[in-house]
Each structure stands twice: as C-alpha cells, then as structure tokens.
Amino acid sequence: STDYKKIATAIGKMMQEGIQIMPPNINNSSYTFTPDVENNQIIFGLSGILNVGEDVIKDTIAGRPYISPRDYLNRAKPKRQAMVSLIKGGAFDEMMDRRLCMAWYIWETCDKKKRLTLQNMGGLLKYNIIPDENEDIVMGKRIYEFTRYLKSVCKNDKITYRLDERAINFLSEINCDDLIFQKNEEFHIKCKEWDNVYQKWMNIFRNWIAAHKDEALENLNNAIFMEDWNKYATGTISAWEMESLCFYYHEHELEDANYGKYGIADFFSLPEEPVVDRSFVKGGKTINLFKLTKICGTCIAKDKNKSTVTLLTPEGVVTVKFRKGHFALFDKQISSKNSEGVKKILEKSWFNRGCMIMVQGFRSGDQFIAKSYANSIGHTLYKIISIDSQGDLTLTSERIQGDETNGTN
C-alpha cells in the first residue's frame, strides 16, 4: 500500500529545497515519481494516485500518447473510480480545465435517458420531476408506490398478492375492497385484477409524459448528472488533490485560515523545546506547565500503536502525538443500528486521510504534543468542518452520538 506519510514528508523536503512537484500527467507520468532535471521539477507518479492500480497504469502507458480525455477514456477504458481520481489529481490539466473535464466525464458516463416512458416513473418521482398539479396525480403517485410495495413485499405467486395489514388498509381507502378475497385464512388480491386498476391510473402519467417529454427528459437527465456530481465531485480543487494524491499542488485548504483569531501558529517557527508557562511543587517535585498554542492541518496518516497523526499543515508535515485514550476516542468510527439491526455509519475517524483538524498543545523536538490543562481555554482537538472566504473556521469538538466501533482507514 502507498505510504502517504513518507510521500508527504519527502514532497515537503523537496519543496523546501525549491524543487517543484508537478501533478500527474496522463502522457508523461511514469509508474513512480520522475525527475525532470531540465525544469528542476518532479512529476507525480501514477502509482501514488488513489484507485489507480497496476492494470490501469500498464494500459495507460501502453496506449500513449493521448490527445484528449475522451481519447484516453475510449482506448484505456479505466473504471469510474480510477478516472475520477486521475481527473481530480490533474492528469488531464494540459488538455482541459479540471472542473470542466470532471463535468464532461460525469455527463458522459452518468445514467442519462434517451427518451421517457412509464419505465422512468421511478426516476421522475425520485427527483420530483412531476409536480403535484392535481389530486389525480397525487393519488397516481401513491398507486405507483403501492404497486412497488405489493411486488416487493406482498408477492405470493404469479397469480395473487398476499396482503398484509398495510395493503388491506390502502385498498380499503381507495375503495377496492371488492378485489380482496380470503384464502387459507389469508387475504389476497389477484395480480391481473390489480394490474387493471394500476394501468388505468398510470394513464395519467403516460399522458403527462407525452405532454412534457422534452422538458421532463432534460430535467431528469440534469438531476441524474447532479446526483453523480454530488457523489464524486464536490469540494475545491485543493480538496480533490488531497483526496486523490494526498498532496496539494494548489494552495493548502487551510492556507487562508485566520491564524490570529484561533491562536494558530506555524509549527516550524515554534521553539524546539517547550516553553514553561508556570510551575508548581507537588510532593517535593516541580511540575512544569508549558505554554500552549494551536496548529492546524490535514490528516494524511495515523499510527494506532504510537497514537500519532501525521498532519500536513500549510507550512509542512508535522507528527502530532496524543495520549493513548484520547487518540482512541477520536479514532473510533461511530455508527448506529436501525430497528431491523442494519448498521449505518454516522461518523468516521477524525484521523482518516483528508480530515482537517486543529490541535492544541506544544512543540517538543520534531513532534507536536497534544495537550490541555484544567484551566485551559477550549479543547485539545477540534475537527474543521469548513473554512470560508474570510478564513473563519467551522469547528466541532464533540463527536456524534451513536455506537462506537473500531477506527478505519
């Protein structure tokens, strides 16, 4: 697996020496990082990109050169996760603007519809394409959903639906009691008889689709595109780079954070030995309390055994040391189970790659020691949810309530 801590540390050292690290390039990048001596730069290697495996790399190199993202897609045929990571990492920047390239790719590959029929009712309802113009449409939508319920929950055989209490109540509500019959102490309805009712109601939507087909098709395809965009392409270009490369070619996401407002410092400007703020004697032993400050950055790796997090700050890579119990508390994954026992993840570890945090503590040598005292203002650790254009941070110090499980990468 890729050692992102080593990569980020090495990149930081090279950049401090004035060597430019360039994003991956679909026509020039090799398997590993490649020096470009003539231009005093290093080209990011394909193997360091998230979701880009050896098969993709071999096919990519074998098919060079490519003249466009479409040419690459048609000939190399990467899977979606690989193509998304290549775009996010900047592999096609010389061919097309990055966001435009992502929009083109998602539009090209999302599940667009060429024409509308009643088979598209699920999508039309999901994206609220059909407005509730009258009572017939509202009831027609209920009939459609009820039929889905019959087929998925009440299906008995090819002849009848075996009805539960919910189904019986709905049929009574729409005055279809006469279609219900009893068999072996259970209530049923014949599939064909219900289908006759269903088809009459669906004529409402057949007529609506016929009258609005062009507008509805456009709205449906736009909604399908936006669902994929929100799934794969939200966030800034810098966030894309962190996700796909664990490296910022553009500015760090926290570059413009208001350091003064939050008491954040540049780790590398701090004294290597902690500064004593005050001392007291307890049991004949002098106890030093150190001056505390804060640093912020993006998590790129963690070490459960050492309770450390490798943090990429706007100034460079820093190792943050936590108390074992404190590390475990915020490394846990929070989940909950619904009434059927199905587990849903509510919040992942705060130390997963790409998470942004602010930590209070002090520098000790090459490490930052997370620390707070009884009279310290604020908390030791904050998760940074977002940063606005003014450098103000949206922070939280509390974990979501739920069932704790082991932390995951």
Side-chain angles (χ1 to χ4, degrees), residues 2 4 7-8 10-12 14-15 17-110 225 228-256 298 300 312 314 353-354 387:
T2 304
Y4 292 104
I7 289 177
I11 287 175
M14 287 184 284
M15 292 177 69
E17 296 295 326
I19 300 173
Q20 180 72 40
I21 309 298
M22 300 300 295
N25 184 298
I26 204 66
N27 280 325
N28 297 328
S29 287
S30 297
Y31 186 88
T32 57
F33 288 70
T34 307
D36 180 356
V37 179
E38 182 178 346
N39 297 304
N40 192 38
Q41 63 187 22
I42 292 177
I43 302 174
F44 203 96
L46 295 176
S47 63
I49 306 175
L50 180 71
N51 296 321
V52 177
E54 290 191 17
D55 290 343
V56 176
I57 296 173
K58 290 178 182 178
D59 292 342
T60 297
I61 294 175
R64 286 171 175 169
Y66 305 99
I67 61 174
S68 67
R70 182 184 297 277
D71 180 38
Y72 175 76
L73 181 63
N74 290 340
R75 294 199 288 119
K77 294 179 172 57
K79 292 183 179 179
R80 169 165 277 204
Q81 293 286 2
M83 187 68 177
V84 166
S85 289
L86 286 166
I87 295 172
K88 286 185 173 180
F92 302 99
D93 281 2
E94 291 187 358
M95 301 174 180
M96 186 184 293
D97 174 82
R98 203 178 301 188
R99 283 194 177 276
L100 182 61
C101 186
M102 183 67 78
W104 162 80
Y105 175 70
I106 291 178
W107 181 258
E108 192 77 8
T109 58
C110 68
F225 167 83
D228 274 14
W229 178 270
N230 292 332
K231 180 178 180 180
Y232 295 104
T234 56
T236 64
I237 294 295
S238 294
W240 285 8
E241 290 171 345
M242 173 51 59
E243 177 188 340
S244 58
L245 308 178
C246 200
F247 152 70
Y248 292 117
Y249 173 69
H250 290 82
E251 69 176 19
H252 195 293
E253 293 176 81
L254 299 173
E255 186 75 29
D256 297 323
T298 307
I300 55 178
L312 179 57
R353 186 163 65 92
I387 176 173

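Using a distance-only test at 3.5 Å, with no hydrogens or angles considered, a donor-acceptor pair links the side chain of Glu241 to the main chain of His250.
A side chain to side chain contact (heavy atoms under 4.5 Å, CB included) with Tyr248 is found for one member of Leu254, Ile11, Leu312 and no other, namely Leu312. Considering Ser244, Ser238, Cys246 as possible partners of Met242, the one that fulfils the side chain to side chain contact (heavy atoms under 4.5 Å, CB included) test is Cys246.
The nearest pair of heavy atoms linking Met102 to Val84 is CE-O, 3.8 Å. Of all non-hydrogen atoms in Ala103 and Phe225, the two that sit nearest each other are O-CE1, 3.5 Å. Residues Arg75 and Pro65 come closest through the heavy atom pair NH2-O, 2.8 Å. Considering all non-hydrogen atoms of both residues, Ile42 and Pro35 come closest at CG1-CA, 4.2 Å. Considering all non-hydrogen atoms of both residues, Val56 and Ala82 come closest at CG2-CB, 4.3 Å. When every heavy atom of Ala239 is checked against every heavy atom of Glu253, the shortest pair comes out as CB-OE1, 3.4 Å.
Going from atom CD1 of Ile67 over to atom CD1 of Ile26 covers 14.0 Å, rounded to the nearest 0.5 Å. Taking CD1 of Ile387 as the reference point, atom CD of Glu255 lies at 9.5 Å (rounded to 0.5 Å). Atom-to-atom distance recorded for Thr234:OG1 and Trp229:CH2 is 9.0 Å, nearest 0.5 angstrom. Of the inter-residue distances, the one linking Asp71 atom CG with Phe92 atom CZ reads 10.0 Å to the nearest 0.5 angstrom. Taken to the nearest 0.5 Å, the CG atom of Leu86 stands 5.0 Å off from the CD1 atom of Ile49. One distance of note links OG of Ser85 with CG of Leu50; it measures 4.5 Å at 0.5 Å rounding.
Within the 4.5 Å cutoff, the side chain of Arg353 has no heavy atoms near those of the Thr298 side chain. Within the 4.5 Å cutoff, the side chain of Tyr31 has no heavy atoms near those of the Lys58 side chain. Lys79 has its side chain out of reach of Asn51: every pair of non-hydrogen atoms, C-beta onward, lies at least 4.5 Å apart. With contacts defined as side-chain heavy-atom distances shorter than 4.5 Å, the pair Asp36/Gln20 does not qualify. You'll find the side chain of Arg99 reaches within 4.5 Å of the side chain of Trp240, heavy atoms only. For the pair Tyr66 and Thr60, the minimum side-chain heavy-atom distance is below 4.5 Å. At a threshold of 4.5 Å between non-hydrogen side-chain atoms, the residues Ser29 and Thr34 do not count as touching. A heavy-atom distance below 4.5 Å is found between the side chains of Met95 and Pro69.
By the 30° and 60° cut-offs, the orientation of the rings of Phe44 relative to Phe247 is parallel.
For residues 100-109, the side chain to side chain donor-acceptor pair (under 3.5 Å) pairs, not counting sequence neighbours, are Arg70-Glu108, Arg80-Thr109. Identified under the ring-ring contact (aromatic ring centres under 6.0 Å, His included) test for residues 45-64, with sequence neighbours left out: none.
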